[in-house]
Amino acid sequence: MQEPAYFMRKAIEHSRKKMKENGAAPFAAVVVKDGKIVGVGVNEVVTKNDVTSHGEVEAIRDAGRNLDTWDLSGCVLYTTCEPCELCVAAMHWARISRMYYANTLDDCAPMGLDLKGLRETVRRDVNDRDLPSEQLLHGEAKAVLDEWLESDEFRPF
């Protein structure tokens with residue numbers, strides 16, 4: 001069985017390779033299950049014009065496709081940088097069992113990546129955030145949730 005440093009080096013190698021090949025940002029991740037890499041991803045926010053294209057999210061997407069499941073219980077994620085709130089949420093929903101990281105978010109401060117505002121926003125109640133929000137058509141949307149809960153298609157998360 002490979003040591004954790006082996007898989008972290010794979011993530012670091014992937015970040016360097018994609019940075020040089022197609023201008024991806026140097027943030028990559030690999031997902032490992034039972035000692036085998038099952039997902040790989042790199043930050044392509046700029047190259048794909050997709051703000052959700054973070055290395056961790058892309059690696060989780062790749063692992064889900066390769067394993068044919070959204071439930072990545074038992075998987076370990078190795079990322080070249082401490083994850084932001086978006087990536088932490090993705091790991092939570094994917095049920096990642098453990099995470100290793102290399103760089104810290106503070107290491108990224110010279111790049112202009114200051115996530116203090118994001119952290120503060122995410123922790124506030126929806127009505128206390130900077131983004132104006134208003135609940136609309138709750139009853140109609142809730143009816144769809146209720147239908148799904150009662151249907152044969154419903155599977156608990």
Side-chain angles (χ1 to χ4, degrees), residues 1-19 21-131 133 141 145 148-149 153-157:
M1 186 137 200
Q2 298 293 342
E3 294 293 319
Y6 170 84
F7 294 111
M8 184 61 76
R9 283 191 182 96
K10 291 294 185 184
I12 293 167
E13 290 168 12
H14 189 67
S15 82
R16 179 176 285 119
K17 178 182 178 201
K18 292 299 182 180
M19 179 182 68
E21 282 180 2
N22 68 355
F27 305 106
V30 298
V31 175
V32 175
K33 182 158 186 159
D34 300 326
K36 180 182 175 199
I37 294 176
V38 296
V40 180
V42 66
N43 183 307
E44 295 194 83
V45 168
V46 174
T47 57
K48 288 184 176 179
N49 295 315
D50 177 355
V51 297
T52 68
S53 183
H54 292 202
E56 297 91 340
V57 172
E58 294 294 343
I60 288 168
R61 289 173 178 160
D62 192 39
R65 284 188 298 268
N66 291 331
L67 296 174
D68 195 30
T69 184
W70 62 268
D71 185 350
L72 301 181
S73 297
C75 290
V76 179
L77 189 139
Y78 296 81
T79 178
T80 61
C81 189
E82 176 186 357
C84 71
E85 281 69 13
L86 170 74
C87 297
V88 170
M91 286 183 261
H92 169 83
W93 288 114
R95 298 182 176 165
I96 295 292
S97 297
R98 184 175 181 90
M99 185 262 303
Y100 292 92
Y101 67 97
N103 293 309
T104 67
L105 289 172
D106 287 342
D107 293 331
C108 301
M111 298 174 206
L113 294 178
D114 179 7
L115 299 179
K116 181 181 176 189
L118 174 62
R119 280 197 179 116
E120 291 172 357
T121 295
V122 167
R123 292 177 181 167
R124 289 186 203 131
D125 183 83
V126 69
N127 294 313
D128 294 330
R129 295 179 184 155
D130 295 336
L131 177 67
S133 302
L145 285 180
W148 185 52
L149 284 168
E153 289 82 28
F154 172 71
R155 301 289 181 270
F157 290 103

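Here the structure is a predicted model, which means the values were calculated and not measured.
Residue Arg61 qualifies as enclosed at atom CZ: its count of foreign heavy atoms under 6.0 Å is above 12.
Interatomic distance, CD of Glu153 versus CZ of Arg155, reported as 7.5 Å (0.5 Å rounding). Interatomic distance, CE of Met111 versus SG of Cys81, reported as 7.5 Å (0.5 Å rounding). One distance of note links CG of Asp107 with CG of Leu113; it measures 11.0 Å at 0.5 Å rounding.
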Contacts under 3.5 angstrom, residues 24-41 side chains, donor-acceptor by atom type, not counting sequence neighbours:
| from | atom 1 | to | atom 2 | distance (Å) |
| --- | --- | --- | --- | --- |
| Lys33 | NZ | Ser73 | O | 3.3 |

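Glu3 pairs by the side-chain hydrogen bond (donor to acceptor under 3.5 Å, both in side chains) definition with nothing, not counting sequence neighbours. Taking the side chain to side chain contact (heavy atoms under 4.5 Å, CB included) definition, one finds that Asp68 meets it with nothing, sequence neighbours left out. The salt bridge (Lys or Arg N to Asp or Glu O under 4.0 Å) search around Glu21 returns Lys17, Lys18, not counting sequence neighbours. The side chain to side chain contact (heavy atoms under 4.5 Å, CB included) check on Asp125 picks up Asn127, Asp128, with sequence neighbours excluded. Legend: residues meeting side-chain hydrogen bond (donor to acceptor under 3.5 Å, both in side chains) with Thr79, ordered by chain and number and at least two apart, are Glu56. Partners of Arg65 according to the salt bridge (Lys or Arg N to Asp or Glu O under 4.0 Å) rule, which considers only residues two or more places apart in sequence or in another chain, are Asp62. Partners of Arg119 according to the salt bridge (Lys or Arg N to Asp or Glu O under 4.0 Å) rule, which considers only residues two or more places apart in sequence or in another chain, are Glu82, Glu85. In terms of the side chain to side chain contact (heavy atoms under 4.5 Å, CB included) criterion, residue partners of Thr121 (sequence neighbours excluded) are, by chain and number, Arg124, Arg129, Asp130.
Listed by first and then second residue, the salt bridge (charged side-chain N to carboxylate O under 4.0 Å, His left out) pairs involving residues 87-97 are Asp71-Arg95 (not counting sequence neighbours). Note on residues 48-69: no pairs pass ring-ring contact (aromatic ring centres under 6.0 Å, His included), not counting sequence neighbours. Counting only residues at least two apart or on different chains, the ring-ring contact (aromatic ring centres under 6.0 Å, His included) pairs with a member in residues 78-115 are Phe7-Tyr78, Tyr78-Tyr100.
The minimum heavy-atom distance linking Asp50 with Thr52 is given by the pair OD1-OG1, 2.6 Å. A pairwise comparison of heavy atoms in Met8 and Ala102 identifies CE-N, 3.8 Å as the closest pair.
At least one donor-acceptor pair closer than 3.5 Å links the side chain of Asn103 to the backbone N or O of Thr80.
A heavy-atom distance below 4.5 Å is not found between the side chains of Glu44 and Glu58. The shortest distance between side-chain heavy atoms of Cys75 and Leu67 falls below 4.5 Å.
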